[in-house]
Amino acid sequence: EAEVAQSPRYKITEKSQAVAFWCDPISGHATLYWYRQILGQGPELLVQFQDESVVDDSQLPKDRFSAERLKGVDSTLKIQPAELGDSAMYLCASSLSRGPSNEQFFGPGTRLTVL
Amino acid sequence: EDQVTQSPEALRLQEGESSSLNCSYTVSGLRGLFWYRQDPGKGPEFLFTLYSAGEEKEKERLKATLTKKESFLHITAPKPEDSATYLCAVQARAGGTSYGKLTFGQGTILTVHP
């Protein structure tokens, strides 16, 4: 069964350090999403890609966060420098961009702890 | 701004005790309403999509319904393995060439005791 892959599953870092997360969407899914989920809350969108282009990054803290999807397949989310408030689960999801099926399928997430 | 509110925040049931979870929403043109299940430390697992008022979908012990203002997730004769956080999300109709983001509620934590 096709799944969204993410790595690493867990990351512990100190504040002011740089961290990076990787996501490989389901094959054929042109749309890729990065969400952040704080403990006890629902996920919130950080950035959305259509192929290699950003279509929504309105909630991305651009002074410290960056995201890229260079070849329109896998994607990397970076934080530099990390802050204590960045501790959260970072979820990647993918979906088809057209047609009747618009479900988003999520990966297992990366749990980030900033010390 | 799209908003989703789920209630209750937490629900404890005895095995076999049926109940319902509520999801109230406001959205600027509904494209779809989604239900997900999330186990601790894992990503959300897709359950249902509902598109229009009056629509219902079922999967095993779960049944989701939709009105113009809210959705319900009915759990019939739950088992301990149904224990999880259930998330509701809405997707608004949007322009452009791809489907837009999901706006999630905070979730309902369901615990089913044997």
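All chains are named by letter (A, B, ...) in the order of the sequence lines, taking the proteins before the strands, and each is independently numbered beginning at 1.
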- For each of Gly107(A), Gly109(A), Pro43(A), Gly40(A), tally heavy-atom pairs with chain B at distances under 4.5 Å, and name the one with the top tally.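 Among Gly107(A), Gly109(A), Pro43(A), Gly40(A), the one with the most close pairs to chain B is Pro43(A).
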
- Task: Quick one: pull up NZ in Lys101(B) and CG in Leu46(A) and give me the separation to the nearest 0.5 Å.
- Result: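 Result: 10.5 Å between the selected atoms.
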
- Task: Enter the distance from Thr85(B):OG1 to Gln37(A):CD here, rounded to the nearest 0.5 Å.
- Result: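 That separation rounds to 8.5 Å.
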
Counting only heavy atoms not in [X], do more than 12 fall under 6.0 Å of its [atom1]?
X         : atom1 : value
Ile109(B) : CD1   : no
Glu44(A)  : CD    : no
Arg12(B)  : CZ    : no
Gln17(A)  : CD    : yes
Glu9(B)   : CD    : no
Lys57(B)  : NZ    : yes
Leu39(A)  : CG    : no

- Path from Ile79(A) to Leu32(A) over hydrophobic side-chain contacts below 4.5 Å: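 Yes, Ile79(A) and Leu32(A) fall within the same hydrophobic cluster.
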
- Message: Between Trp35(B) and Phe106(A), is there shared hydrophobic-cluster membership here, with clusters defined by ILVMFWY side-chain heavy atoms closer than 4.5 Å?
- Response: no

- Message: How close do Glu103(A) and Phe34(B) get, counting heavy atoms only, and between which atoms?
- Response: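 Nearest heavy atoms, Glu103(A) then Phe34(B): CA-CE2, 3.9 Å.
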
- Please report the shortest heavy-atom distance between Pro44(B) and Leu91(A), naming the atom on each side. CD-CD1, 3.9 Å

- In terms of heavy-atom proximity below 4.5 Å to chain A, should Gln6(B) be classed as side chain, backbone, both, or neither? neither

- For the residue pair Leu102(B) and Tyr35(A), establish whether any side-chain heavy-atom pair is separated by less than 4.5 Å.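 Yes - at least one pair of side-chain heavy atoms lies under 4.5 Å apart.
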
- Expected contact set for residues 65-76 of chain A against chain B at heavy-atom separation under 4.5 Å reads none

